[in-house]
Amino acid sequence: MKNVTMAVALTGALALTLTACGDDGGSGSGGDGALVGEGTGADCTIEEAIPVGAALSLTGAAASYGASQQKGLELAAEELNEVGGVTYDLTIEDDQTDARQGISVFETLTADSSIIIGPTLSNTAFQAQPVAQEASVPVMAISNTAAGITEQGNYIFRNALTEAQVIPQTVRAAVEAYDLESVVVMYSNDDAFTEDGYKVFAETLEEDGIDVAATLTFSKADTDFRALLTEAANAEPDAIMVSGLIEAAIPLVTQARELGLDVPIVGGNGFNNPQLMADAGEAAEGVVVGAAWNSASEGELNNAFKADFEEEYGHGPDQFAAQAHAAMHIIDEAVRANCSGERDDIQDGLGQINELDTVLGPITINSDRDAEHEAVVQVIQDGQFAVLD
């Protein structure tokens with residue numbers, strides 16, 4: 001993991017560089033045509049580097065997701081800059097897992113960026129993305145799975161699969177694999193992402209006729225779930241389904257097993273983090289979670305990504321790194337489509353993404369500016385995410 005202080009210092013230096021460019025009227029990100037090149041596609045050549053901003057949660061409750069995203073973005077930017085023709089000047093700012101800081105970061109990045117990636121959490125996105133929409137700066141949401149993200153405006157795009165796309169597949173795979181008839185649902189009710197995930201869990205269970213023996217709520221800052229888990233155990237469910245962030249998932253799973261609650265635990269996208277296995281250990285075995293990406297997925301692009309990531313950082317990537325990596329390649333495709341780093345040209349190019357090969361698989365951006373690609377249902381086996389058969 002890169003040192004945050006160094007990252008902030010680097011960010012500051014890059015921001016100063018970009019500001020200087022803007023002062024000279026040369027950045028072109030505001031629509032003056034300086035970032036328009038010659039050629040198209042693989043033959044596109046743009047003289048100036050395309051300024052790409054990213055607002056990530058490098059500190060705070062979502063720091064583990066933001067750290068993975070930072071690595072995925074930096075690796076992809078390095079790869080793309082080696083291709084030639086088009087280069088990217090990536091600036092990463094810390095939103096501190098705080099919506100107010102997210103707004104401030106977006107205000108900073110909007111000044112000079114051709115496109116902004118992030119922020120990490122949906123809560124922050126709902127507050128910060130209108131800043132970019134108002135300034136006509138395209139946004140690529142790489143981990144905001146809550147409903148309504150792209151409805152904020154025609155400059156807001158997303159390559160993350162929504163909870164509405166992934167959770168129904170996850171629930172139905174778990175019901176079939178474990179013959180579930182009655183479940184307890186738990187969720188944190190003070191976060192847009194987890195609340196949205198809960199709604200999808202509830203709707204899917206109702207549609208499929210699965211009995212919900214109890215619905216229990218907690219705060220995303222909670223770390224002691226013993227009382228709730230005892231209440232859940234008293235309902236004698238076949239499984240527990242949870243919409244929560246990783247910071248809640250780790251103690252919740254650990255304490256459930258400590259209390260002897262051995263039924264399957266099915267998590268939303270917040271559970272899709274290797275930190276769950278690292279910190280919960282044996283207790284994480286058998287946890288089921290849907291995902292936009294799996295490390296076991298085959299394919300030349302994905303295998304190369306995993307190998308390069310391992311070489312660069314000394315460990316394998318997770319879904320958040322993969323989504324960040326894919327986002328940079330989607331942006332590159334959009335830039336090359338019109339051979340332009342101007343904001344409106346990138347917006348137009350993103351709308352043309354169709355079956356683009358990425359580490360997530362072939363991606364299409366639909367008319368709602370959301371990504372469409374196949375999800376995968378995973379189960380933790382031997383300390384790793386495996387595909388649930």
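In this text, all values refer to a predicted model and were calculated from it rather than measured experimentally.
Take Asp370 and apply the salt bridge (Lys or Arg N to Asp or Glu O under 4.0 Å) test, not counting sequence neighbours, and it matches Arg158.
Across Ala141 and Asn144, no two heavy atoms sit closer than the pair CB-OD1, 3.2 Å. For Gly349 against Asn338, the heavy-atom pair with the smallest separation is N-ND2, 3.6 Å. Across all their heavy atoms, Ala99 and Asn123 have their closest contact at CB-O, 4.4 Å. The heavy-atom pair separating Leu73 from Ile117 by the smallest distance is CD2-CD1, 3.7 Å. Across Val335 and Gly341, no two heavy atoms sit closer than the pair CG1-N, 4.4 Å.
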Side chain to side chain contact (heavy atoms under 4.5 Å, CB included) assessment of Leu388 paired with Tyr178: CA-CA 11 Å; Leu388 178 65; Tyr178 302 109; 3.9 Å; yes
Apply salt bridge (charged side-chain N to carboxylate O under 4.0 Å, His left out) to Arg172 and Glu207, showing your working. CA-CA 11 Å; Arg172 286 163 184 148; Glu207 288 174 4; 3.1 Å; yes
Walk me through it: do Leu35 and Ser114 pass the test side chain to side chain contact (heavy atoms under 4.5 Å, CB included)? CA-CA 9 Å; Leu35 293 176; Ser114 287; 3.4 Å; yes
Working for side-chain hydrogen bond (donor to acceptor under 3.5 Å, both in side chains), residues Asn354 and Thr364: CA-CA 4 Å; Asn354 184 33; Thr364 295; 3.3 Å; yes
Show your working on side chain to side chain contact (heavy atoms under 4.5 Å, CB included) between Val183 and Asp211 and close with a plain yes or no. CA-CA 6 Å; Val183 302; Asp211 177 55; over 6 Å; no
Let's go through Val379 and Phe385 carefully: what are the C-alpha distance in whole Å and the side-chain angles of both, what is the deciding distance for side chain to side chain contact (heavy atoms under 4.5 Å, CB included) to 0.1 Å, and is it a yes or a no? CA-CA 6 Å; Val379 60; Phe385 284 122; over 6 Å; no
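Going from atom CD of Gln169 over to atom CG of Leu161 covers 8.0 Å, rounded to the nearest 0.5 Å. Note that the CG atom of Asn234 and the CD atom of Glu231 stand 7.5 Å from one another [nearest 0.5 Å]. Atoms CG and CG, from Leu356 and Asp332 in turn, are 9.0 Å apart once rounded to the nearest 0.5 Å. Rounding to the nearest 0.5 angstrom, the gap separating the CG atom in Asp98 from the CD atom in Gln127 is 10.0 Å. Taking CD1 from Ile46 and CD from Glu48, the interatomic distance works out to 10.0 Å, rounded to the nearest 0.5 Å.
No hydrogens or angles considered: a donor-acceptor pair under 3.5 Å links the side chains of Thr59 and Asp94. Using modelled atom types, one finds a donor on one side chain and an acceptor on the other under 3.5 Å when comparing Tyr155 with Asp344. A donor and an acceptor atom, one from each side chain of Trp293 and Asp318, are nowhere located under 3.5 Å apart. A donor-acceptor contact closer than 3.5 angstrom is absent between the side chains of Gln323 and Ser143. At a cut-off of 3.5 Å, with distance as the only test, a side-chain donor of Asp348 or Gln352 sits close to an acceptor on the other residue.
Applying the 6.0 Å contact sphere to CD of Glu134 captures no more than 12 heavy atoms from other residues, nucleotides or ligands. Other residues, nucleotides and ligands contribute only 12 or fewer heavy atoms inside 6.0 Å of the CD atom of Glu206. Taking a 6.0 Å sphere around CD of Glu310, one finds it holds more than 12 heavy atoms contributed by other residues, nucleotides or ligands. Heavy-atom contacts from other residues, nucleotides or ligands closer than 6.0 Å to CD of Glu107 number more than 12. A 6.0 Å sphere centred on NZ of Lys306 holds more than 12 heavy atoms belonging to other residues, nucleotides or ligands. More than 12 heavy atoms of other residues, nucleotides or ligands shown are found within 6.0 angstrom of CD on Gln381.
For Phe225 and Phe218, the distance between ring centers is under 6.0 angstrom. Ring-centre distance between His315 and Phe309: below the 6.0 Å cut-off.
A donor-acceptor pair under 3.5 Å links the side-chain atoms of Gln152 to the main chain of Phe126, judged by distance alone. Not a single donor-acceptor pair under 3.5 Å links the side chain of Thr358 to the backbone N or O of Ala326. At distances below 3.5 Å, at least one donor-acceptor pair connects side-chain atoms of Asp222 with backbone N or O atoms of Ser219. Panel note: side chain Ser188, backbone Asp190; no donor-acceptor pair is recorded below 3.5 Å. At distances below 3.5 Å, not a single donor-acceptor pair connects side-chain atoms of Ser68 with backbone N or O atoms of Gln319. The closest donor-acceptor contact from the side chain of Ser243 to the backbone of Thr194 lies under 3.5 Å. Of the possible polar contacts, none joining the Ser57 side chain to the Asp95 backbone as a donor-acceptor pair under 3.5 Å is found. Using a distance-only test at 3.5 Å, with no hydrogens or angles considered, a donor-acceptor pair links the side chain of Arg257 to the main chain of Leu261. A distance-only check finds a donor-acceptor pair linking the side chain of Asp196 to the backbone of Ala147 [under 3.5 Å]. A donor-acceptor pair under 3.5 Å links the side-chain atoms of Asp224 to the main chain of Arg226, judged by distance alone.
In the hydrophobic clustering of ILVMFWY residues, with side-chain heavy atoms under 4.5 Å counting as a link, Leu56 and Tyr65 come out apart. Hydrophobic cluster membership differs between Tyr88 and Ile116, with clusters built from Ile, Leu, Val, Met, Phe, Trp and Tyr side chains linked at under 4.5 angstrom. No chain of hydrophobic side-chain contacts below 4.5 Å, direct or via other Ile, Leu, Val, Met, Phe, Trp or Tyr residues, connects Met140 to Ile156. Taken together through direct or relayed side-chain contacts under 4.5 Å among Ile, Leu, Val, Met, Phe, Trp and Tyr, Leu205 and Ile265 form parts of separate hydrophobic clusters. Note: the hydrophobic cluster containing Leu252 also contains Val184 (ILVMFWY, side chain heavy atoms under 4.5 Å, direct or indirect links).
The side-chain heavy atoms of Asn189 and Tyr198, taken from C-beta on, include no pair separated by under 4.5 Å. Looking at Phe271 and Ile380, their side chains never come closer than 4.5 Å, going by heavy atoms from C-beta outward. Counting heavy atoms from C-beta outward, Val212 and Thr215 have side chains that approach closer than 4.5 Å. At least one side-chain heavy atom of Leu75 sits under 4.5 Å from a side-chain heavy atom of Asp308. Between Thr124 and Thr120, the closest side-chain pair of non-hydrogen atoms is not below 4.5 Å. In this structure, the side chains of Leu80 and His329 come closer than 4.5 Å at one or more pairs of heavy atoms. At least one side-chain heavy atom of Leu109 sits less than 4.5 Å from a side-chain heavy atom of Thr91.
Of the candidates Val139, Ile115, Val137, Asn154, Asn154 is the only one forming a side chain to side chain contact (heavy atoms under 4.5 Å, CB included) with Gln347.
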Show which side-chain atoms of residues 274-290 pair as donor or acceptor with protein atoms under 3.5 Å away, not counting sequence neighbours.
unit_1 : atom_1 : unit_2 : atom_2 : d
Gln275 : OE1    : Ser64  : OG     : 3.2
Gln275 : NE2    : Asp279 : OD2    : 3.3
Glu285 : OE1    : Asp382 : N      : 2.8
Glu285 : OE2    : Asp382 : N      : 3.2
Glu285 : OE2    : Gly383 : N      : 2.7

